[in-house]
Amino acid sequence: MVTVSQSFNFHGFFVRKASLLPSSASRVRYSINDRRWLNLDSASSSCRFRNLNSRCSITNTDLHLSNVLTEDEAPQDLSAAECDCSTPIVHLKTDILESESLSLLAETTYVDSVLTALPVLSEEEQNALAATPAHPVALYALYASSLAGNLVEQLWNFAWPSAIALLHPSLLPVAVMCFFSKLAIIVGGPLVGKLMDYSPRVPAYMGLNVVQAAAQLLSATMIIHAHTVSPTSVSSVLLRPWFIVLVLAGAIERLCGVATGVAVERDWVILLAGMNRPIALAQANAVLNRIDLLCEIAGASVFGILLSKYEPVTCLKFAAASMIWSLPVMIGLTWLTNKLATGVLDRPRSCQTCCGESPEEAAVVAGSIVDRGLETIKLGWKEYMQQPVLPASLAYVLLFFNVVLAPSSLMTAFLTQRGVNPSVIGGFSGLCACMGVAATFLSATLVKQLGILKAGAAGLVFQASLLSLAVAVYWSGSLSQQSPVLFFLGLIVLSRLGHMSYDVVGAQILQTGIPSSKANLIGTTEVSVASLAESVMLGVAIIANDASHFGFLAMLSLLSVVGAAWMFCQLLLNPTDEQRSLFAVESNT
């Protein structure tokens, strides 16, 4: 390393060789983009530029440089040079220095011609560009991959609780599996998110798909084994080896499913649709949610039909076969997505990922496995609380406290105890799913007409208003009649339109505000927080398990939705400077 002091004037260019210690001044690495490298001869003390054009004059200027590459130090492969985020790489061409003239702008009119030649898009052209994905063909491949994966996943999500419920009339085995699955997401979510952020996208995604499929196959095997043995009491089932393996496999399967979902929704779709193309991103998010809802309806319907005609073991074998054939299809479509996107998924997430770590991230590397796990969880929570769009994320989490005024198992149990016809209960769940599909079409239109922030506020306010009316109908005490019950359920069905609209729009808000290098860590931590909120509300429901306490649970659910709407409106009315910069387009309209 040398320190070069340069003094430019009309007479000469002086170079002096100094200490080999690195200078504290800012460093510039020279890489001569020519066949000749800068030679520093200790015997020569100066070199003179001749034929210097008089229009280039710099006086009284000293430029201190270090880390100048000599001929012996010249790297053989410039692409393999070490990544240094704070150091720019300057390429100099010596033929420019030796030219007859050194001029940046020959004529003033040249500048005028360049400025006047810049194209200016009209408003229609800007809207058309915002609605055009960056990689449209690759997006279709991603949709196909999501369809293949979600169809099997939703089929299994309906299959395993149905098959376990046929073993014993008690809900305790299913409740235990759900509890440990939520616990795995709460604890392991930040860990898997950190792993995803620091791993190549495509191999990590394929690896999680393989692990998830293996966990599903293991779970199916354990349930098939349970159906072949003689039935036992519920207390003894919880201690059986097959049930313990089933709980562990179910927790791993859910954790992998959450991680792959976050990777697609918070990272991949942004790269393929384009972060600076809000309409295209909104449409891509709507399509992904539409696929998920349609797979949920199809998966439950297919397995329900099979279960009504065949034995549970036969149905589980069909589910296992679908897992086997879908895995190579998903892997092939994932590879095709990256190929059609010209390798955009192979790009590093940020220079931070490859160049260095923060003090908190460095602490994760050191220490034992337990210490690293705890530090990763702490880092995930810290990054989650410091994200620029935290109010939007907290509003999303608050919606998970609504476990009653929604098509949930608690609502199903309440309606059953009220003596509501099972066909009405089934129609209620189906209409809620249809409203979710309709919301995926509505959300893109709302983003285009209102903007992303106002669209999110509209969805939450709409949901809170309708649920307020639903709770008022319940407290009126008229649910003993058929018409008020249908009106009560109809209000909840319509409220799902606002809920799913915010689900789509809120995902785009988080996609815009969270950097790509931390998308998986923050996304999985958010899912962990949401799972914690849902677990807390389920715990309250377990304590207040009598049907007479449904009004109390309904009021808590309503307050959570109202709180989510209020919190998001605060983001809309009083944004910070960073939030203004993220959504500058809307603040100007």
Undergrad: Please check this pair: side chain of S393 against backbone of L390, looking for a donor-acceptor N/O pair closer than 3.5 Å.
TA: no
Undergrad: For H227 and A163, indicate whether the former's side chain and the latter's backbone hold a donor-acceptor pair under 3.5 Å.
TA: yes
Undergrad: Do M196 and V262 make a side-chain contact, defined as non-hydrogen atoms from C-beta onward lying under 4.5 Å apart?
TA: no
Undergrad: Is there a donor-acceptor contact under 3.5 Å from the side chain of Q463 to the main chain of L460?
TA: no
Undergrad: Please test W160 against L246 for side chain to side chain contact (heavy atoms under 4.5 Å, CB included), starting from the C-alpha separation and ending with a verdict.
TA: CA-CA 10 Å; W160 74 261; L246 179 63; over 6 Å; no
Undergrad: Is it the case that atom CZ in F180 sees more than 12 heavy atoms from other parts of the structure closer than 6.0 Å?
TA: no
Undergrad: Taking all non-hydrogen atoms of both residues into account, name the closest pair between N209 and L327 and its distance.
TA: O-CD1, 3.8 Å
Undergrad: Check whether any side-chain heavy atom of V540 lies under 4.5 Å from a side-chain heavy atom of F552, and answer yes or no.
TA: yes
Undergrad: Checking V561 against L398 for the side chain to side chain contact (heavy atoms under 4.5 Å, CB included) test, could you report, in this order, the C-alpha distance in whole Å, the side-chain angles of both residues, the deciding distance, and whether it holds?
TA: CA-CA 7 Å; V561 177; L398 283 174; over 6 Å; no
Undergrad: In Å, rounded to the nearest 0.5 Å, how long is the span from CG of L466 to CG of L558?
TA: 11.0 Å
Undergrad: Could you check whether atom CD of E311 has more than 12 heavy atoms from other residues, nucleotides or ligands sitting under 6.0 Å from it?
TA: no
Undergrad: Do L431 and L489 make a side-chain contact, defined as non-hydrogen atoms from C-beta onward lying under 4.5 Å apart?
TA: no
Undergrad: Evaluate the side chain to side chain contact (heavy atoms under 4.5 Å, CB included) criterion for residues F401 and L556: first the C-alpha distance (whole Å), next the side-chain angles of each, then the deciding distance (0.1 Å), finally the verdict.
TA: CA-CA 8 Å; F401 282 97; L556 290 180; over 6 Å; no
Undergrad: With ring pair (Phe, Tyr, Trp, His ring centres under 6.0 Å) as the criterion, how do F550 and Y474 come out once you've worked through the C-alpha distance, each side chain's angles and the decisive distance to 0.1 Å?
TA: CA-CA 10 Å; F550 183 84; Y474 174 82; 5.5 Å; yes
Undergrad: Kindly determine whether V505 and I452 satisfy side chain to side chain contact (heavy atoms under 4.5 Å, CB included), including the steps that lead there.
TA: CA-CA 7 Å; V505 175; I452 185 171; 3.9 Å; yes
Undergrad: Would you name the heavy atoms of L521 and D197 that are closest together and state the gap between them?
TA: N-OD2, 2.8 Å
Undergrad: State the CG-OG distance between L469 and S495, to the nearest 0.5 angstrom.
TA: 10.5 Å
Undergrad: Can you find a heavy atom in the side chain of Q508 that is under 4.5 Å from one in the side chain of P278?
TA: yes
Undergrad: Answer yes or no: does atom CH2 of W242 have more than 12 heavy-atom neighbours from other residues, nucleotides or ligands under 6.0 Å?
TA: yes
Undergrad: Does OH in Y143 sit with more than 12 non-hydrogen atoms of other residues, nucleotides or ligands closer than 6.0 Å?
TA: yes
Undergrad: How many angstroms lie between atom NZ of K194 and atom CG of L379, to the nearest 0.5 angstrom?
TA: 4.5 Å
Undergrad: Determine the minimum heavy-atom distance between P190 and G380, stating which atoms define it.
TA: CB-CA, 4.5 Å
Undergrad: Can you sort out the partners of R496 under salt bridge (charged side-chain N to carboxylate O under 4.0 Å, His left out), two or more places apart, ordered by chain and number?
TA: none
Undergrad: Answer whether the closest heavy-atom distance between the side chains of T260 and Q212 falls below 4.5 Å.
TA: yes
Undergrad: To the nearest 0.5 Å, tell me how far S531 OG sits from E526 CD.
TA: 10.5 Å
Undergrad: Side chains of L486 and V424, heavy atoms from C-beta outward: is any pair under 4.5 Å?
TA: yes
Undergrad: Please check: side-chain N/O of S145 versus main-chain N/O of L142, any donor-acceptor pairing under 3.5 Å?
TA: no
Undergrad: Output yes when a side-chain donor or acceptor of N289 lies under 3.5 Å from a complementary backbone atom of N285, and no otherwise.
TA: yes
Undergrad: Parallel, tilted or perpendicular, judged at 30° and 60°: which one describes the rings of Y502 and F568?
TA: perpendicular
Undergrad: Test your reading of the model: is there a side-chain donor-acceptor pair from S560 to the backbone of L399, 3.5 Å cut-off?
TA: no
Undergrad: Would you say F441 and V504 make side-chain contact, with heavy atoms under 4.5 Å?
TA: no
Undergrad: Quick one: CG on L288 to CG on L293, what's the gap to the nearest 0.5 Å?
TA: 11.0 Å
Undergrad: So which heavy atom on A298 is nearest to which on L151, and how close?
TA: CB-CD1, 4.1 Å
Undergrad: To check you understand the geometry: which heavy-atom pair defines the closest contact between M500 and G436, and what is its length?
TA: CG-CA, 3.5 Å
Undergrad: Are T440 and R290 close enough that a side-chain donor and a side-chain acceptor fall under 3.5 Å?
TA: yes
Undergrad: Going from CD1 on I185 to CG on L532, what distance comes out if it is rounded to the nearest 0.5 angstrom?
TA: 11.5 Å
Undergrad: Under a 3.5 Å distance rule, please check whether Q387 uses its side chain to pair with a backbone N or O of G513 as donor and acceptor.
TA: no
Undergrad: Please confirm whether the ring centroid of F318 lies under 6.0 Å from the ring centroid of Y310.
TA: no
Undergrad: Is there a donor in the side chain of Q154 and an acceptor in the side chain of D292, or the other way round, less than 3.5 Å apart?
TA: yes
Undergrad: What heavy-atom pair brings V461 and C569 nearest, and what distance separates the two atoms?
TA: CG2-SG, 4.2 Å
Undergrad: Side chains of M537 and F400: does their closest heavy-atom pair fall under 4.5 Å?
TA: no
Undergrad: For residues 214-225, tabulate all N or O donor-acceptor pairs below 3.5 Å that involve a side-chain atom, not counting sequence neighbours.
TA:
from	atom 1	to	atom 2	distance (Å)
Q216	NE2	E253	OE2	3.0
S219	OG	A215	O	2.9
T221	OG1	L217	O	2.8

